[in-house]
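The block underneath contains the structure these notes are about, expressed in structure tokens.
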Amino acid sequence: MFRSAPGTTSRRRGLLAAASALTTPLLPEDFLTLVDPLWSTTSLRGRVVARRRETGRAVSVTIEPGRAWAGHRAGQYVGIGVEVDGVRLTRSYSLTSPEDAEHLTVTVQEVDGGAVSPTLVRDLPIGTIVELDQAAGGFVLPDPLPGKLLFVTAGSGITPVMSMLRTLDRAGTMPDVVLVHGARTPEDTIFRAELAGLAARHPSLRVVLRHSAVSGRLDPATLDAAVADRADRAVYACGPDGLLDALEDAWDGVIAERFTPPARATEGTGGTVDLGGDDVVVESGQSLLEAGEAAGKLMPSGCRMGICFGCVLPLREGRVRDLRTGEAHGEPGDLVQTCINSACGPARIDLP
């Protein structure tokens, strides 16, 4: 085992302390990140190193993460911040890379009218530096694995499951798995060729592709007909809300991952909110996060669904209204989830 010479550690610490004193109020790391932004251990960033077209509307983006990246579990998602029209916006995307990959990959399908997905799909040059959040999310496989698995996915819902399949493939531990995936047409099927290759390599993996333009959308009855032993399998599902709602109503124990926030049960009253010293008008039914981003404010965010708590900010004055329940709440000092709360009259919220 290699051991440092006596006093080496203390000398290094002394040199770092001296460098810090010379560069105060900046730290040596501040200068290192000018050379390479990925060297930071306090701000997590990544560099785009590859892009691959998967379908006419979907692209896989491979990112070299910075030193602070803590890794991920298959099925989790990551927040990615990019600049769009001069405003830094963050959106969360499922990771499609296996757990032990050196680089992380997200596969993004362009959303009509989306604020971030068109940039990622159409216009993100190699070498671009992006902001990253640590991986999060509970849509992961248990340890030990179930003896039989059923993955039900549709559209871009295949993305977290692809990370699981790639991880199982690398580990050589593919259990008895059935994947039923729905897409509009064969050309719209993300990872179509790779899924065929995985099924060819692993006799224990069966891939069933359905195309809604020909045979209609997936539903519980279709799935029961396609998978005779469905009741014996642990079910993981990801896709449109209509599919997930139907599966959860029909079957017990479905583990689901949703990409869209829950429906807003009520509209907020709106109001004018002081965000970081500037008054921002929050329209009725609009979240604080949406209003802040529309006003050009750099707002922390994550899942945008009220799950990850990546958007919380301290409330200093006034109250807010939960867009899911319509309940007005809040006291000075409370942490507010800006993605699911609207204004309830005048308020003040501190920005970082």
Side-chain angles (χ1 to χ4, degrees), residues 43-45 76-94 106 108 111-120 130-138 241 257-352:
S43 297
L44 181 54
R45 303 182 182 95
Q76 290 189 306
Y77 57 84
V78 61
I80 299 179
V82 297
E83 191 168 292
V84 179
D85 296 329
V87 178
R88 176 71 62 175
L89 298 178
T90 300
R91 297 291 186 272
S92 295
Y93 296 98
S94 293
V106 295
V108 181
V111 176
D112 293 335
V116 175
S117 63
T119 296
L120 294 177
V130 297
E131 302 289 333
L132 295 175
D133 294 331
Q134 295 291 355
D241 285 342
E257 175 83 332
R258 295 176 183 268
F259 289 161
T260 56
R264 294 178 177 180
T266 185
E267 292 192 346
T269 56
T272 300
V273 177
D274 181 340
L275 284 175
D278 294 322
D279 288 340
V280 173
V281 175
V282 184
E283 302 291 342
S284 178
Q286 185 181 36
S287 72
L288 294 163
L289 175 60
E290 293 165 342
E293 288 180 341
K297 292 291 185 180
L298 185 58
M299 304 282 290
S301 67
C303 69
R304 309 177 77 86
M305 298 170 60
I307 297 174
C308 74
F309 291 87
C311 66
V312 294
L313 292 173
L315 177 67
R316 295 308 180 197
E317 296 176 8
R319 289 164 68 78
V320 295
R321 187 180 301 278
D322 191 313
L323 286 167
R324 301 165 301 178
T325 65
E327 178 187 359
H329 65 99
E331 300 292 338
D334 285 356
L335 292 177
V336 172
Q337 290 178 272
T338 61
C339 72
I340 56 169
N341 283 285
S342 183
C344 187
R348 179 166 68 91
I349 292 178
D350 283 352
L351 289 180

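Remark: side-chain polar atoms of Ser342 are not paired, donor with acceptor, to backbone N or O of Leu323 under 3.5 angstrom.
Of all heavy-atom pairs spanning Cys303 and Cys308, the tightest one is N-SG, 3.1 Å. Heavy atoms only, all atoms of each residue included: Tyr77 and Gly137 are closest at CE2-CA, 3.6 Å. Annotation for Pro352 and Leu313: closest pair CD-CD2, 3.5 Å, computed over non-hydrogen atoms. For the residue pair Cys339 and Cys311, the shortest heavy atom distance occurs at N-SG, 3.5 Å. Across all their heavy atoms, Ser117 and Gly114 have their closest contact at OG-CA, 4.3 Å. Between Asp133 and Ser301, the shortest heavy-atom contact is OD2-O, 3.5 Å.
Atom CZ in Arg319 sits 11.0 Å away from atom CG in Asn341 (nearest 0.5 Å). Atom CG in Leu275 sits 10.5 Å away from atom OG1 in Thr272 (nearest 0.5 Å). Atom OG of Ser287 and atom CD of Gln337 lie 11.5 Å apart (nearest 0.5 Å). Here the CD atom belonging to Glu257 is positioned 5.5 Å from the OG atom belonging to Ser94, to the nearest 0.5 angstrom. Rounded to the nearest 0.5 angstrom, Ile80 CD1 and Leu89 CG are separated by 13.0 Å. Distance check: Gln286 CD to Leu289 CG gives 9.5 Å after rounding to the nearest 0.5 Å.
Scored by the side-chain contact (heavy atoms from CB on, under 4.5 Å) test, Glu131 finds Arg45, Arg88 as partners (sequence neighbours excluded). With sequence neighbours excluded, the residues satisfying side chain to side chain donor-acceptor pair (under 3.5 Å) with Asp112 are Arg57.
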Candidate pair Asp278 and Lys297, rule side chain to side chain contact (heavy atoms under 4.5 Å, CB included), full reasoning
CA-CA 9 Å; Asp278 294 322; Lys297 292 291 185 180; 2.6 Å; yes

Please determine whether side chain to side chain contact (heavy atoms under 4.5 Å, CB included) holds for the pair His329 and Val320, giving the CA-CA distance in whole Å, both sets of side-chain angles, and the decisive distance to 0.1 Å.
CA-CA 6 Å; His329 65 99; Val320 295; 3.6 Å; yes

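In this structure, the side chains of Leu315 and Glu331 stay at 4.5 Å or more apart for every pair of heavy atoms. The closest side-chain heavy-atom distance from Val116 to Tyr93 is below 4.5 Å.
Of the candidates Val82, Leu120, Thr90, Val82 is the only one forming a side-chain contact (heavy atoms from CB on, under 4.5 Å) with Val130. Under the side-chain hydrogen bond (donor to acceptor under 3.5 Å, both in side chains) rule, Arg316 has a single partner from Asp334, Asp274, Asp350, which is Asp350.
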